[in-house]
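Contents: one structure, followed by commentary.
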Amino acid sequence: MDLSALSYFNLVALHGGFGRASRATGQPKATLSRRVRDLEESLGVRLIERGSQTLRLTDEGAMLHARTEGLLGEIAEAGNDVAAGLGRVRGRLRVNVPLFFAHAALGRIAAGFARAYPDVQLDVTADDRFVDLAEDGYDVVVRVNPKPDETLVGRCFLRAGITLVASPSLPRPGQAARGKPAPPVPAVLRTGNDPSSWTVIDGKREMSYRPHGVMWFSTPLLIREAVREGAGVAMMARSIVDEDLASGRLVAWGEMRDGQVEAWVLHASRRLVSPKVSAFVNYLCDTYPTPQTPMPTVATRRTRGH
């Protein structure tokens, strides 16, 4: 494949037409059209439907653009890095993180990263929705308990146990006799979650509770606020409630035996990883001394939300 012709095709696809690409890049419209036609002839497929007022890619053209646009951008960025000094960490870095992590830690981390890498322009968005790196234009995402994804690689930088917490004002029910159902407790739950029972370890005792959902939230920040106000109990990552437990705003009813929250920093699984992405991943993982577990090519995990 002629990479030069491919770059012309991606310019046309990116700008939405031959005329727009010509005006944006200064390349003659005839040159763009000829190079795209050369690419089509070399591949033996039509990439662009001609004759309409607006550009329309064929299925093959859309697939080629999606698969190669980022790679060509990385190649160009690698060339710029070489020209400016091999491996120089610079440029705009777009990062997406969950709300709680943004509020609890990212301001401090971002300020330290900016001091260490002043030539990087850090652009961070915080929300709890799932984002697609390629479609939404992010370089790095932080996700909690991600599922396998063959398109992403990264490292686990934080692990935390899960604790059943409540306000001190909420009465704690006694345990049912053997063979009897666990006592119901008002529960503040994550949206889409409706567990039938909770079993925790309190000291050396195993305790069971039957959560009765009274409200559901999409973010742990709101869950924590509602629990603080006595709305119910909730299962929460220990790292989120440590300060509340230490101050007495919340009390622990027990720990999940095998439950664990993992935070991962992830990026696209391509052979070319820009210096700015590597720098951010390493800086974030170095902020948390353990566990720094690498995803083994991360083909073994698929990320689908926080």
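Because the structure is a prediction, the values reported are computed rather than measured. Nothing fancy with the numbering, it's 1 onward along the sequence.
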- Query: Does E229 CD have over 12 foreign heavy atoms under 6.0 Å away?
  - Reply: no
- Separation between CZ (R224) and CE (M236), nearest 0.5 Å, reads 7.0 Å
- Message: Is there a path of hydrophobic side-chain contacts, each under 4.5 Å between heavy atoms of I/L/V/M/F/W/Y residues, joining V188 to L245?
- Response: yes
- Message: Going by side-chain hydrogen bond (donor to acceptor under 3.5 Å, both in side chains), name the residues that satisfy it together with T199, two or more places apart in sequence or in a different chain.
- Response: S208
- Who pairs with S167 by side-chain contact (heavy atoms from CB on, under 4.5 Å), at least two apart in sequence or on another chain? S169
- Query: Is it true that R249 and D244 have a side-chain N and a carboxylate O under 4.0 angstrom from each other?
  - Reply: yes
- Task: Could I get the full list of side-chain hydrogen bond (donor to acceptor under 3.5 Å, both in side chains) partners for D139, not counting sequence neighbours?
- Result: none
- Let me see the working for R155 and C285 under side chain to side chain contact (heavy atoms under 4.5 Å, CB included), right down to the final yes or no. CA-CA 8 Å; R155 294 159 67 184; C285 291; 3.6 Å; yes
- Message: Determine whether N10 and H15 satisfy the following criterion, side chain to side chain contact (heavy atoms under 4.5 Å, CB included), listing intermediate values before the conclusion.
- Response: CA-CA 8 Å; N10 275 311; H15 291 287; over 6 Å; no
- Query: Mind checking what makes side-chain contact (heavy atoms from CB on, under 4.5 Å) contact with A114, not counting sequence neighbours?
  - Reply: none
- Considering only heavy atoms from C-beta outward, does the side chain of V89 approach that of D119 to under 4.5 Å? no
- Minimum-distance pair of heavy atoms, taken over all atoms of A237 and V261: CB-CG2, 3.8 Å
- Given R143, which of V97, V131, N96 fulfils the side chain to side chain contact (heavy atoms under 4.5 Å, CB included) condition? V131
- Side-chain contact, heavy-atom cut-off 4.5 Å: Q260 with E262? yes
- Message: Can you confirm whether V265 sits close enough to C156 that some side-chain heavy atom of one is under 4.5 Å from a side-chain heavy atom of the other?
- Response: no
- Query: side-chain contact (heavy atoms from CB on, under 4.5 Å) with S42: which residues, sequence neighbours excluded?
  - Reply: L39
- A105 versus Y288, closest heavy-atom pair with distance: CB-OH, 3.5 Å
- Query: Distance only, no hydrogens: is a donor on one side chain within 3.5 Å (strictly under) of an acceptor on the other, for D128 and S218?
  - Reply: no
For residues 31-38, dump all side-chain donor-acceptor pairs below 3.5 Å to protein atoms at least two apart in sequence or in another chain.
| residue | atom | partner | partner atom | Å |
| --- | --- | --- | --- | --- |
| R35 | NH1 | S4 | OG | 3.4 |
| R35 | NH2 | D2 | OD2 | 2.8 |

- Message: I'd like to check the ring-ring contact (aromatic ring centres under 6.0 Å, His included) partners of W253; sequence neighbours left out, ordered by chain and number.
- Response: Y209
- Message: Would you compute the distance between atom CG of L47 and atom NE2 of H65 and round it to the nearest 0.5 angstrom?
- Response: 12.0 Å
- Considering residues at least two apart in sequence or located in another chain, which fulfil the ring-ring contact (aromatic ring centres under 6.0 Å, His included) criterion with F100? none
- Got P195 and N193 here, is their nearest side-chain heavy-atom distance under 4.5 Å? yes
- Message: Any non-hydrogen side-chain atom of H103 less than 4.5 Å from a side-chain atom of L221?
- Response: yes
- Shared hydrophobic cluster, V165 / W216 (ILVMFWY, side-chain heavy atoms < 4.5 Å): no
- With S7, which residues qualify under side-chain hydrogen bond (donor to acceptor under 3.5 Å, both in side chains), at least two apart? none
- Message: Please check this pair: side chain of T25 against backbone of A21, looking for a donor-acceptor N/O pair closer than 3.5 Å.
- Response: yes
- Task: In sequence, state the C-alpha distance, the side-chain angles, and the governing distance for Q27 and Y8, and then conclude on side chain to side chain contact (heavy atoms under 4.5 Å, CB included).
- Result: CA-CA 9 Å; Q27 292 288 339; Y8 281 107; 3.6 Å; yes
- Query: If you take all heavy atoms of S197 and P211, which pair is closest and at what distance?
  - Reply: CA-CD, 3.6 Å
- Message: For V141 versus Y138, what's the shortest heavy-atom pair and its separation?
- Response: CG1-CB, 4.5 Å
- Query: Are W198 and V233 side-chain neighbours, meaning at least one heavy-atom pair lies under 4.5 Å?
  - Reply: yes
- Message: Can you tell whether the side chains of D59 and R46 come within less than 4.0 Å, N to carboxylate O?
- Response: no
- Query: Can you hop from V251 to V185 via hydrophobic side chains spaced under 4.5 Å?
  - Reply: yes
- Task: Measure the shortest side-chain to side-chain distance between V95 and D123 over non-hydrogen atoms and say whether it is less than 4.5 angstrom.
- Result: no
- Message: Rounded to the nearest 0.5 Å, what separates atom CG in L11 from atom CZ in F9?
- Response: 10.5 Å
- Message: In this structure, would V120 and L106 fall into the same cluster of hydrophobic residues linked by side-chain contacts under 4.5 Å?
- Response: yes
- Partners passing ring-ring contact (aromatic ring centres under 6.0 Å, His included) against Y117 (at least two apart in sequence or in another chain): F113
- Query: Where is the tightest heavy-atom contact between W264 and G154, given as atom of each residue plus distance?
  - Reply: CZ3-O, 4.0 Å
- Message: The test is side chain to side chain contact (heavy atoms under 4.5 Å, CB included); show your working for T58 and V45 and say whether it passes.
- Response: CA-CA 9 Å; T58 64; V45 296; over 6 Å; no
- Query: E255 and T163: side-chain hydrogen bond (donor to acceptor under 3.5 Å, both in side chains), yes or no, with the steps?
  - Reply: CA-CA 5 Å; E255 308 282 332; T163 305; 2.8 Å; yes
- Contacts of R108 meeting side-chain hydrogen bond (donor to acceptor under 3.5 Å, both in side chains) (sequence neighbours excluded), chain-then-number -> none
- Message: Please tell me whether F101 and F157 form a close aromatic pair, meaning their ring centres lie under 6.0 Å apart.
- Response: yes
- Out of curiosity, S274 OG to R90 CZ, how far, rounded to the nearest 0.5 Å? 10.5 Å
- In terms of heavy-atom contacts, A234 and I223 come closest through CB-CG2, 3.6 Å
- Where the side chain of R94 meets the backbone of G137, is there a donor-acceptor pair that is under 3.5 Å apart? yes
- Do H267 and V281 have side-chain heavy atoms sitting under 4.5 Å apart? yes
- Note on the structure: Sorted by chain and number, sequence neighbours left out, side-chain contact (heavy atoms from CB on, under 4.5 Å) with D242 holds for R238
- Message: Working to the nearest 0.5 angstrom, can you tell me the gap between L93 CG and L122 CG?
- Response: 5.5 Å
- Query: Rounded to the nearest 0.5 Å, what separation is found between the CD1 atom of I201 and the CG atom of L164?
  - Reply: 12.0 Å
- Task: Flag yes if L222 and I162 sit in one hydrophobic cluster, no otherwise; membership is Ile, Leu, Val, Met, Phe, Trp, Tyr, and two members link when side-chain heavy atoms are under 4.5 Å apart.
- Result: no
